[in-house]
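Down below is the structure, laid out as C-alpha cells.
Below, each value reflects all heavy atoms present in this structure, side chains not excepted, and no hydrogens, waters or symmetry copies. Counting convention: from 1, in listed order, for ligands and their atoms alike.
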Amino acid sequence: MLVSVWDALGLVLAQEVKTDREYPPFDRSTRDGFAVCSKEALPGAGLKCVGEIKAGDTVTQALAAGTCLQIMTGAAVPAGADAVVMIEHTSREGDLVRFERTALRGQNIVPRGSEAAAAQTILSLGMRLGYAELALAAQVGAVRLRCAKRPRVAILSTGDEIVLIDETPGPFQIRNSNSVSLASQVRIAGGEPVVLGNAADRIEDLGEKIERGLKEDALVLSGGVSMGKYDLVESALKAMGAEFFFDAVAIRPGKPAVFGMCQGKPVFGLPGNPVSTMVTFELFVAPAIDLLSGAEARALPLVEVRLAEAMKEKPGLAHFLPARVEWHGAVPEVKALKWQGSGDIAALAKANCFLVIPDDKACIEVGESVSVLLRKDVV
Ligand code: AMP
Ligand code: MG
C-alpha cells in the first residue's frame, strides 16, 4: 500500500528509497562566519569582506583572492573558499575581518555528496519507519512510500467469568482487561488489533471464535491454557488441526504459554492472569508481529542495571517481576515492586520494566548487575 510520509510512522518499508541528488547538494557551511581561503586566513591577518551569502542564496561567483565573504549556517560555500571561520573567532574593523587562529582546510564545511551520493539507496526494504527514516524520505522527496500492511492480529479472551469492560460484573465475575492490554500491545508492536470478544470455557464456543480468529494474520488467545478442567484452549485448537511448537515455558509469570500453527496461521495461547498475558506477549508475540510485518524481529529491550535491593526467588524458572528502574544516580538502579502475583495489574501500572531473574540464580545481592526488560510504552 502507498502511504504518505505523514501517516507512515511505525510502518515497514516494502520498497527501497534512493536519493534524488547528492547530499548535501552543495558544499554546505555548518557555521555562521566567514568563507575564506585557508591559506589566507592567518592569525592577525585581515581579509576584506566583500559580501554575504545567506542560506538559500544562489552562489555563482568564486571568492576572489585576498577577500572573504560573510556566510550563514546552511549556505553554499563559494568556489575558491575551502574553510569557514566561526564568527566567534574573528574581529571586525569596518570591511576588514581579522582572524584569531589559523584556519584549517575544510573546517566547518560539509562537502557536496559526503552524506549520500545521487541515486544511492538510503532506506531499504524491511526497514521500520521511525521519525529519522521519515525525515530522510521527506528530504529526498519520497513523499509517498510503499509500505507493508500492518498484520491483523485477532484477540480472543476466554473464560466463563469474563464480562465486557462496560458491564457491571457480578460479585464473582471480572472485566475483560486482557483484551485492552493485548490490543494496546498489538498496536505498539506494529499490528492492527481485531478484538473478537470473549469465548466461554466450552469447546464449541471456543471453536467457533477461533475459526473467526484464523481469518486474520495471527491469533492471540488469553486464558484457558493451564491445567484446570476448564482450560480448553489447547484442545479446541488441536481439534482444528493445530500443531504446537511449545506448550510451556520456563518462566514465571507465563509458564503455561503455548504457540502453534493452526490452518497456516500462528496462534498464541497466553495464560489469562493479566501480568502473565502482558509478559508473554512481549516475549513471544511482539517479535512475531515484526516478522509478519516484513521486518526483522527487534531485539527485546533488555538492559543491564544495578540491583538496589537484594532478591531471592526459587530457581528453575526465569522470573519477570514488575520493577522500577530509576536514572537518578550515576548508574541506573532497579527495585522490584511489591505485588500479589500475576493478577496484580496495579503493580504493573507502577512499573516501568520487568526485573529478570535468570532460572539458575536464586539470590542476587545489592549492587549486582541484573537485566531488566523495559516497558516500551512508558520508558
Ligand atoms: P486462566 O489462564 O484462564 O486460568 O485465567 C487465570 C486468571 O486470569 C483468572 O483469575 C482469570 O480470572 C484471569 N483472567 C482470565 N482472562 C482474563 C481477562 N480477559 N481479563 C482479565 N483477567 C482475566
Ligand atoms: Mg480461564
Considering residues at least two apart in sequence or located in another chain, which fulfil the salt bridge (charged side-chain N to carboxylate O under 4.0 Å, His left out) criterion with K54? D57
ring-ring contact (aromatic ring centres under 6.0 Å, His included) with Y131: which residues, sequence neighbours excluded? none
Sequence neighbours left out, what passes ring-ring contact (aromatic ring centres under 6.0 Å, His included) with Y23? Give chain and number order. none
Are D290 and S293 linked by a side-chain donor-acceptor pair shorter than 3.5 Å? no
Is it the case that the side chains of S369 and E304 hold a donor-acceptor pair, with the cut-off being a distance below 3.5 Å and no angle test? yes
Under a 4.0 Å heavy-atom cut-off, which residues neighbour ligand 1? S157, T158, E161, I162, I174, R175, N176, S177, N178, S222, G223, G224, D231, P271, G272, N273, P274
F284 and F246 aromatic centres sub-6.0 Å: yes
